[in-house]
Amino acid sequence: MRGVTGGGADDGAAPDETAALVRGAAAADPAIGLVAVRALRRLTERLETLQVDAARRQGWSWQAIADLLQVSRQAVHQKHGRRTRDPRH
């Protein structure tokens with residue numbers, strides 16, 4: 001899968017790596033495109049985790065986070081609640 005990275009242990013991507021993933025996702029070759037989609041999914045999950053953690057540290061409610069992610073409060077809490085300590089529970 002030339003030109004598309006599989007992602008590292010922390011799934012962080014530099015801007016040039018991200019651009020390569022975006023190009024890969026638009027590739028005519030499905031093998032390249034699907035690897036890029038997988039890597040972009042991991043990157044998106046990592047970004048969501050970082051931002052939810054930041055919001056919780058700043059005192060945001062689960063509902064406020066859920067509203068911005070356009071999911072239910074229960075969904076965001078189920079996905080991220082075990083990892084973060086919720087002082088309100």
Cluster link L69 to W60, ILVMFWY, side chain under 4.5 Å
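Looking at the clustering, W60 is in the same group as L69.
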Do V52 and V71 sit in the same hydrophobic cluster, where Ile, Leu, Val, Met, Phe, Trp and Tyr count as joined when their side-chain heavy atoms come under 4.5 Å apart?
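Linked within one cluster.
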Between L21 and A36, what is the shortest heavy-atom contact and its length?
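For L21 versus A36, the nearest heavy atoms are O-CB, 3.4 Å.
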Would you please name every residue forming a side chain to side chain donor-acceptor pair (under 3.5 Å) with [X], sequence neighbours left out?
X   : result
Q51 : none
E48 : K79, H80
D29 : none

First locate atom [atom1] of [X], then atom [atom2] of [Y], and finally report the distance between them rounded to the nearest 0.5 Å.
X   : Y   : atom1 : atom2 : answer
D53 : Q58 : CG    : CD    : 11.5 Å
D16 : T18 : CG    : OG1   : 8.0 Å
L68 : Q63 : CG    : CD    : 10.0 Å

Set out, in order, the CA-CA distance, both residues' side-chain angles and the distance that settles side chain to side chain contact (heavy atoms under 4.5 Å, CB included) for Q74 and W62, then state yes or no.
CA-CA 8 Å; Q74 292 84 357; W62 290 112; over 6 Å; no
